[in-house]
Structures are given as C-alpha cells and as structure tokens.
Amino acid sequence: MSAPPKVKFYQVGSFAVGNRLLPSSARSNQSDPDRANSVVSGHRACQGCGELLGARYVLDTALRASEGKLIAVNATGCLEVTTTPFPESAWRVPWLHSLFGNAPAVASGVAAALKAQGRTDIRVLGQAGDGGTVDIGLGALSGMFERGDDVFFVCYDNQAYMNTGVQRSGATPGAARTATTPVAPGHPGNEFGHGKDVPAIAMAHRIPYVATATVADLRDLEAKVEKAMSLRGPRYLHVLVPCPLGWGTAPSRTIELARLATESGLFPLIEAEDGELTAVTPIRRWVPVEEYLRPQTRYAHLFGEPGHPEILARIQEIADRNIRVYGLEARP
Amino acid sequence: MRPDRTFIPLGRPLEGSRAVAETVARCRPQVVPAYPISPQTHIVEGISSLIRSGELEHCEFVTVESEFGAMSLCIGASATGSRTYTATSSQGLLFMAEALYNAAGLGLPIVMTVANRALGAPINIWNDQSDSLSQRDSGWIQLYARDNQAACDLHPIAFRLAEELSVPVMVCMDGFILTHAVERLDVPEPGVVDEYLPPYAPCQVLDPDAPLSIGAMVGPEAFTEVRYLAHHRMEAAIQRFPELAGRYAKLVGRRAEDLARGYRLEGARTVFVAMGSVVGTLEDAIDEAREQGLSVGAVELTCFRPFPAARLRDLLADAEHIVVLERALSTGLGGILTAELAAARAGEGRQRTTVVAGLGGRPVTRKALRTLIADAMARRLPPLSFLDLDHTLLRRAHTKENGR
Amino acid sequence: MYQIRVHGRGGQGVVTAAELIAWAAIYDGHYALAFPSFGSERTGAPVEAYCRIADTPIRSREPVDAPDAVLVLDATLLHRPGTFKGLKAGGLALVNSAASVAVPEAPQLLAVPATRIALARTGRALPNVPMLGAFAAASGAVSLEAVHTAVELRFAGPLARVNRDGADDAYGYMTEAESETEAVEFDVPAAFAAEREARHAA
C-alpha cells in the first residue's frame with residue numbers, strides 16, 4: 001500500500017485542535033500530523049457532515065490505541081455509502097460492510113474468527129448510524145452485548161434515517177420534523193414519548209463500558225475511545241453527530257450545534273461501567289433549549305407566530321430532567 | 001437381477017444429524033453460529049457437544065439471537081479468514097434471506113446445512129423442500145442429499161467447492177426423515193478429511209497488514225458484470241463438483257456423488273425425476289414395477305444449483321414421459337423442478353407431468369407410488385396433480401366457503 | 001426385511017426403543033433404520049416409531065404400514081384403532097403389561113411386565129429397555145448380546161448396568177414363557193460375518 005497522504009491542517013489559532021502550549025501527550029490525537037487518518041478525503045459526504053467527522057475522530061484514536069491492528073464493520077447508511085463508491089474507498093483500515101441491520105452481528109463474527117485463530121491482538125470495531133443501531137440493528141446489538149463479545153460498537157446518532165431522505169427513527173427527538181413526521185395543523189413533528197435510550201439499554205446489559213460523546217468535545221471523545229479500547233468485551237459509544245441537511249443547519253455550525261446539545265442538557269455526556277454510572281460531564285455554560293433548537297430548521301415550526309411555546313416548554317422539561325437525573329449542574 | 005447397490009462395510013449406528021455434525025467437525029470449522037429451529041437443532045447440538053468434549057478444537061460456537069444473526073456472524077467470520085458453518089431450516093432460512101444474498105454477493109465460502117422443512121403459514125414443522133427452493137436465486141450452490149450417508153459426504157465436498165470457487169454452499173437434507181433417522185453411517189476417522197480439505201486460504205481477507213474495503217456500493221456501470229462473473233463462477237461447479245466428489249469417494253471408499261444419476265433407465269419410457277430422500281422410496285417402487293415388467297426408471301438430482309442442464313438433457317434423452325415428483329409448490333404455477341427442466345430443455349418435446357408430493361411432511365408411500373406408476377404408464381395423469389389429495393377435506397372446505 | 005412398529009406415549013422412550021433395536025441390529029451386522037413418526041411429541045400423547053432391519057441397504061423412508069412386529073409400551077393404547085393395523089399374519093405382538101391381555105386384532109398378543117421390571121432395576125418407570133430384551137427373545141431378530149452392546153453404549157456407568165439387567169430380566173421372562181415364535185434367520189453376508197468375528201475377538 002502506498003504511503004498515507006500527509007495530513008494538512010488548514011486552521012491555526014487558539015481553538016485549533018492542537019494547543020501549542022500543551023505537551024504532545026496531552027494534545028488530541030487529531031492534532032498529530034502522523035495520525036492514522038483512517039478516513040481520507042475524497043469521500044462523498046455533505047459539507048459539514050458530523051458523522052464523517054465523528055468517524056474519523058473515533059477510528060483514528062482506536063487505531064492508535066490498537067497500534068494499527070483493527071478491523072471495522074460498518075452498517076448501511078451515510079457513512080458507508082459516502083465512503084465506498086466502487087471502485088473507490090476512503091477507508092485505510094480493513095473494512096467490511098454487510099447489511100443494514102447486522103453490523104453488531106457481523107462484528108461478533110469477526111471477533112469470533114480472530115479468537116478461533118488466536119489473533120485477539122487485532123481489535124474489532126462495529127459502527128452504524130442511529131437507524132442501524134436503535135431500530136433495525138437492536139436485536140443484533142443486544143445479542144452482541146448479551147454474549148459478551150469483544151466488540152467496540154459506535155453509534156453515530158444524527159437522529160433520523162438521513163441517507164434515505166430524513167425519515168424518523170427510534171432516535172428522533174420529540175417535535176422534530178422529518179419526512180415521515182411532517183408538520184401539519186395538529187401535528188407538530190415527531191411524537192413525544194417515543195424513542196429508545198440506547199445508552200440506558202446498553203447499561204441494562206451491564207456491559208463493561210458505555211459512554212456518550214459528541215463531535216464538539218474532541219478530547220472527551222478521544223478519551224472515551226481510549227478508555228473503551230483499554231477494555232475487553234462489549235463496549236458501546238453513542239456519539240451525537242449533527243446533520244446539516246437533516247437538521248436544517250448551516251454546515252459551518254455542526255460542532256457548535258453539538259456543543260449546544262450538551263450545554264442545554266438535552267444530550268448528557270456520561271460514562272458507565274458494568275451497568276453503573278461512573279462519570280458525567282457537568283454543563284459548563286448552561287443554555288436554554290431554545291438556543292439549541294432555533295438554528296435548526298427541523299424545529300422551525302416551534303417558533304414564530306404563534307409557534308408552539310407549550311412544546312418548547314416540554315423540551316425544556318426533558319432537558320431539566322436530564323440535568324437533574326444525571327447531575328449535570330456545574331460543580332462549584 | 002438386483003442392481004448394484006452401495007455396500008457400506010464400515011459405519012456405526014448414528015442419528016443423521018449426529019453423523020452430519022461429526023463429519024462437519026472433521027472439516028475443522030473455526031466459527032459455528034447456532035440458532036435453534038426444528039428439525040435442524042440436533043446438528044448444532046452435536047457440534048456443541050463435540051467442542052465441549054474436545055474433539056473439535058479451535059472452534060468458536062456462538063449462540064446467536066436469530067438466524068439473521070447466525071448468517072451475519074458467518075459473514076464476519078468468513079471475511080476474516082475463518083472456515084465457517086451453520087445450519088437452519090424453513091422460517092430460519094427465510095429470516096436470513098437478506099444475508100444469504102449478501103454472503104453470495106461478497107463471495108464468502110460459507111457452508112450451511114438446511115434441514116428441509118415446509119414454510120408457513122400454516123406453521124408446519126415437517127419436511128418438504130419449499131425452504132431451500134425459495135432461495136434458489138440467492139447465489140448459493142444447492143446440493144440435495146438422497147440419504148444420510150450422502151448428507152454426510154456432501155459436507156467436505158461442499159467446503160472444497162465453496163473455498164475453491166468463492167461461492168457459498170447449501171447442503172439440503174430432508175428434515176426429520178433424514179435428520180432424525182438412526183442408521184448405519186460412516187464418519188471418516190480424524191485426519192482423513194484433512195487429506196482432502198486443506199486449511200482455508202481466502203482470496204480476500206480482512207487483515208490490518210493489508211487493509212481493503214469489502215462491501216462497496218456498486219452502481220449501474222458495474223453491477224451487471226459482478227453478477228455475470230458470479231454466474232460463471234457458480235457454473236464452474238458443474239465441472240468441479242463431480243471431480244471433487246470423485247476424489248472424496250476414493251478417499252472413503254464409496255460410490256461418488258454426482259450432479260444427477262440415472263436409476264434403471266435402460267429401456268425406460270416413463271422416467272421419474274426427484275430430489276432428496278424420496279428417491280429411496282421411489283427406487284423401491286421402481287424395482288417392484290420392473291419386476292412386474294413395467295419399463296420405468298428415475299433420474300435423481302443432487303446438484304440443483306448450478307442446474308446441470310446438459311447432464312439432465314442427456315439422462316432424459318430417451319424418455320417419452322417424464323414425471324416430476326415435486327417436494328414443493330410454486331403457488332400459482334405448479335412445479336418448480338418441472339419449470340427448471342423445461343427451461344433447461346431437458347426432455348424437450350416429451351410429455352412432462354408434475355406430481356406435487358409430500359408437502360408439509362405427508363409421507364410419500366410405496367403404495368401411492370405404485371398407483372402413480374400405474375397411472376403414469378397408462379397416461380392417466382393430468383399435467384399437475386397432488387399425491388394422496390384428501391378430497392373429503394377439500395369438500396368440507398368448499399362447503400364452508402360456499403356457505404358464507 | 002423385518003419391520004417393527006413401536007407404540008407408546010410420549011415420555012416412555014418409544015423413539016429410543018426403536019433406535020435401540022436399530023443399534024442392536026447394526027451390532028449384529030445388519031443394516032437397520034429407525035425413525036419416529038414426528039408428531040408434536042408431548043408427555044402422555046400417543047407416539048409411534050419405526051424400525052427396519054435388512055441385509056442390504058434400506059432405501060425406503062415411508063412409515064411402517066405392514067409390520068412384522070408391533071410393540072406396545074402402554075397398554076392403554078391396545079384398543080386404539082391403528083395400533084395393530086397392517087400387522088402381518090402370525091407377526092409378533094408384544095405389550096407392556098403385568099397381566100395377560102387379549103385383543104381381537106392380535107390374538108397372538110404376548111405380555112411382558114416391562115414397567116415392573118424397569119422399576120425394580122432402575123427405579124424409573126421407563127419400559128423401553130425391558131421391551132427391547134423381550135423383543136429380542138420373542139423375535140430373534142436381534143441377539144441379546146447386541147442388545148447388551150447397544151445398552152452399554154447408550155447409557156453411562158451404573159445406568160448401563162441396571163438397564164442391561166432389566167433387558168436380561170425381560171429376555172428371561174419371555175424365554176421361560178410358553179412362546180413358540182421362531183428366531184428369524186438372516187442371510188448374513190460373508191463380509192459382515194467376518195466383521196462380527198473380528199469384533200467378538202477384540
């Protein structure tokens with residue numbers, strides 16, 4: 001295989017991924033020009049795609065942690081479709097795509113083969129969008145958890161079936177507009193009270209490690225990937241990845257939106273081991289949910305005249321509940 | 001004069017499922033995902049006990065959450081370079097249908113036993129061949145065992161064939177009738193199959209030292225070519241299956257499996273065509289008919305996919321009346337095997353009759369075959385008929401419907 | 001060809017009975033095939049199992065409808081239509097019963113207290129192995145020695161011993177009784193005979 005293309009950094013400044021004041025060991029993996037760069041440029045993802053960003057963040061760190069010995073299994077979805085248009089591929093890792101609903105099972109199969117061959121130094125990572133994890137892949141995911149298979153599974157959650165044109169999934173939040181939960185009089189988007197809390201489901205399986213992260217807090221995400229890779233058995237990481245197209249946001253605001261999701265309390269950042277919560281990230285600069293929802297066209301119907309103040313209140317309640325239940329208040 | 005029959009000098013009393021499990025174990029699979037469904041379950045239970053007793057080493061037995069999970073695990077394991085095996089039936093096969101096409105499309109040499117069972121609704125756990133036949137276009141090679149010894153022998157051959165051609169193989173054996181029958185069966189001693197089946201050497205594999213992407217999206221500009229190549233790769237089995245089967249037969253001292261075989265075709269104007277265990281009862285009925293001076297014979301098909309058109313044309317060349325004994329029904333058409341024979345122009349221009357027999361486990365008896373042979377010779381058979389149809393039940397159903 | 005049909009209720013070991021007959025016949029050097037009737041078996045429901053014995057490979061897979069022997073493991077099935085259906089004239093009819101019974105369809109019916117023997121030997125009311133011993137004695141289709149081999153290979157440790165004793169008890173019961181059935185003679189091919197000699201010598 002030819003030498004990897006040299007990583008180029010296009011932006012420097014105090015918010016750059018590598019802070020020159022830190023020792024290199026404390027810098028993010030992304031700031032390392034010699035990082036794996038497991039998903040190279042040339043893929044067909046949208047400008048500002050949170051999923052591709054998240055995938056590169058996760059894979060690069062996972063590769064560093066496994067010293068380059070990793071096999072990735074990918075479900076059908078945006079990540080797969082945009083990165084492997086035959087005869088091209090953006091992946092620099094051994095990579096397998098089978099079907100939509102079976103990524104966890106296929107990953108289990110890879111792990112079983114490596115175990116039978118006595119090559120458990122090679123690590124297995126399975127990845128899927130929210131549809132492939134929460135809905136169609138849930139049975140396979142639960143099976144993988146329950147059997148204790150040595151697979152690190154990552155869900156890139158953009159909260160709808162984006163690749164097929166923004167349809168509602170079991171991860172779509174209440175009131176969000178999608179193609180199958182359109183906005184009409186008496187129907188303000190997706191229903192409340194539906195949806196699955198997969199991190200909680202993962203915790204209920206008492207697997208060694210469960211965590212949530214977003215593309216906004218790179219160091220936090222990388223640390224969680226490293227932690228996951230330091231363990232064996234089933235591990236689950238749920239990453240919030242804004243989708244400019246599906247959410248109706250400006251491509252340049254992807255990272256900002258992810259940060260607003262956590263700062264509002266709507267997407268708690270947590271870690272759990274063996275079914276018990278071990279760490280949460282306190283909210284540093286609390287924002288009302290409105291600040292997070294307003295930039296997203298999928299919530300546009302909640303604003304304006306008359307808008308839906310009652311729905312905004314309900315979403316605020318959800319955020320407040322998360323803050324309370326997970327203890328997300330900033331520590332004094 | 002009794003025709004020559006396979007003489008089995010070796011063998012011990014074994015349940016069909018158990019014998020298959022032991023033979024598969026001799027093939028040294030490394031990953032076996034298992035999900036239970038009658039009547040396959042004894043096979044995977046057998047493999048599990050062989051692993052626990054230490055007879056089958058370096059094999060990961062994974063109890064999965066569904067048949068879809070089972071085939072998905074096979075896909076992951078096979079792509080990682082491990083010899084992989086599983087077994088299923090009926091509803092389970094359909095539950096993994098998407099994965100079947102996926103495995104074939106990815107060129108993974110997975111071997112799977114299908115213990116043939118009817119498809120619901122109505123739910124029915126007994127034998128017919130509708131399950132595997134429903135997947136005949138999936139890209140899997142399909143072999144149908146005439147009896148339990150064939151079911152055993154077909155597995156090492158299947159692994160050889162699969163790994164050589166990069167095409168998955170389904171070994172089909174009639175559920176309950178074969179799987180749950182105890183008889184004298186020969187499983188080769190450990191090490192014998194190793195002479196025939198070397199370790200799996202994949203042509204493409206997931207390997208961090210040589211990364212590649214498997215499962216890319218292929219658009220209109222290349223999809224046809226991918227299918228074309230798969231078709232020709234599978235057709236190569238028409239040559240390779242008899243050769244590989246012959247080599248195995250020499251090793252174990254038995255008559256070789258073949259794509260299709262004729263039984264007492266000399267001078268036979270009426271020829272039955274059949275697949276699977278019904279062949280045994282059919283041969284008994286043919287012997288009886290021959291003793292009475294009736295010139296009747298049979299063509300017994302083992303390799304269904306790829307469909308050995310030339311071979312069948314050859315075997316049916318002298319038949320005037322071909323009676324196809326179907327173990328499945330294509331609702332709205334009739335016989336599946338009949339349609340395939342027609343497409344292959346086997347017995348072209350001759351009279352072709354379809355008899356649907358043994359659906360949902362109804363026994364195919366020698367008595368019924370005796371009558372069938374007589375009806376066939378007397379040209380009393382309609383183009384499509386159902387063996388042992390219960391007219392009382394039909395009348396009752398008709399009355400009930402009319403009463404509404 | 002010698003064909004046996006076994007009747008009983010789920011949980012009495014009907015399927016195992018047919019299998020053990022097949023095992024014994026194979027250890028005697030014959031071909032044999034045993035299979036159940038594949039009903040949804042549940043404890044207490046009537047079940048059937050079949051066995052064929054021959055000296056050439058057995059090809060037929062249909063149920064046995066013209067048995068040379070009918071074994072009934074549960075006397076409550078005696079009057080069920082179909083229990084003795086197709087039984088060849090002069091064929092063996094054997095029922096698990098402590099008292100002698102008469103059934104119009106099978107005037108030659110013999111009885112053996114298989115459950116009583118099983119309880120005495122194994123402590124469990126499983127009549128199938130004693131029935132096997134009785135069958136060997138009454139029919140001669142399988143040898144007692146082959147029955148021993150089958151039982152020893154099927155059951156482990158002390159269970160093998162007590163089951164073998166149960167088979168022996170039933171065998172003895174039949175041979176002491178006034179039964180006039182002749183042993184069935186098989187034309188044992190030379191190769192089989194040689195193999196049997198070799199096994200006995202080992």
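Quick note on labels: first sequence line is chain A, next is B, and so on, each numbered from 1. Since this is a predicted model, take the numbers as computed values, not measurements.
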More than 12 heavy atoms of other residues, nucleotides or ligands under 6.0 Å from [atom1] of [X]: yes or no?
| X | atom1 | value |
| --- | --- | --- |
| B/Arg233 | CZ | yes |
| A/Gln47 | CD | no |
| A/Leu245 | CG | no |

Considering residues at least two apart in sequence or located in another chain, which fulfil the salt bridge (Lys or Arg N to Asp or Glu O under 4.0 Å) criterion with B/Arg83?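 Once residues adjacent in sequence are excluded, the partners of B/Arg83 under the salt bridge (Lys or Arg N to Asp or Glu O under 4.0 Å) criterion are B/Glu163.
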First locate atom [atom1] of [X], then atom [atom2] of [Y], and finally report the distance between them rounded to the nearest 0.5 Å.
| X | Y | atom1 | atom2 | result |
| --- | --- | --- | --- | --- |
| A/Ile122 | B/Leu206 | CD1 | CG | 9.5 Å |
| A/Ser108 | B/Leu73 | OG | CG | 5.0 Å |
| B/Ile214 | A/Thr84 | CD1 | OG1 | 12.0 Å |

Using non-hydrogen atoms and a 4.5 Å limit, figure out which bit of [X] sits close to chain A: side chain, backbone, both or neither.
| X | answer |
| --- | --- |
| B/Glu221 | side chain |
| B/Ala103 | neither |
| B/Val218 | both |

Please look at A/Val93 and chain B and tell me whether the side chain, the backbone, both or neither of the residue comes under 4.5 angstrom of a heavy atom of that chain.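 Contact with chain B: backbone only.
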Under 4.5 Å from a heavy atom of chain B, the part of A/Ile71 involved: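 When you check distances to chain B, only side chain atoms of A/Ile71 fall under 4.5 Å.
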Closest non-hydrogen atom pair between [X] and [Y], with its separation:
| X | Y | result |
| --- | --- | --- |
| A/Gly143 | B/Glu65 | CA-OE1, 3.6 Å |
| B/Gln30 | A/Ala116 | O-CB, 3.4 Å |
| B/Gly76 | A/Leu96 | CA-CD2, 4.0 Å |
| A/Ser89 | B/Ser213 | OG-OG, 2.5 Å |
| A/Arg119 | B/Thr80 | NH1-O, 4.3 Å |

Would A/Gln117 and B/Ser82 count as having a side-chain donor-acceptor pair, cut-off 3.5 Å?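 Result is yes, a qualifying pair exists.
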Kindly indicate whether the side chain of B/Val62, heavy atoms from C-beta on, has any atom under 4.5 Å from the side chain of A/Arg147.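 In short, these two side chains touch, coming nearer than 4.5 Å.
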Using a cut-off of under 4.5 Å on heavy-atom pairs, state which of [options] scores highest against chain B.
| options | result |
| --- | --- |
| A/Leu99, A/Val81, A/Leu63, A/Asn74 | A/Leu99 |
| A/Gly68, A/Gly101, A/Ser142, A/Ser66 | A/Gly101 |
| A/Ala111, A/Ala72, A/Ser98, A/Pro85 | A/Ser98 |

Counting distance only, does the side-chain N/O of A/Asn102 pair as donor-acceptor with the main-chain N or O of B/Ser72 below 3.5 Å?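 No; judged by distance alone, with no hydrogens or angles, the pair does not exist.
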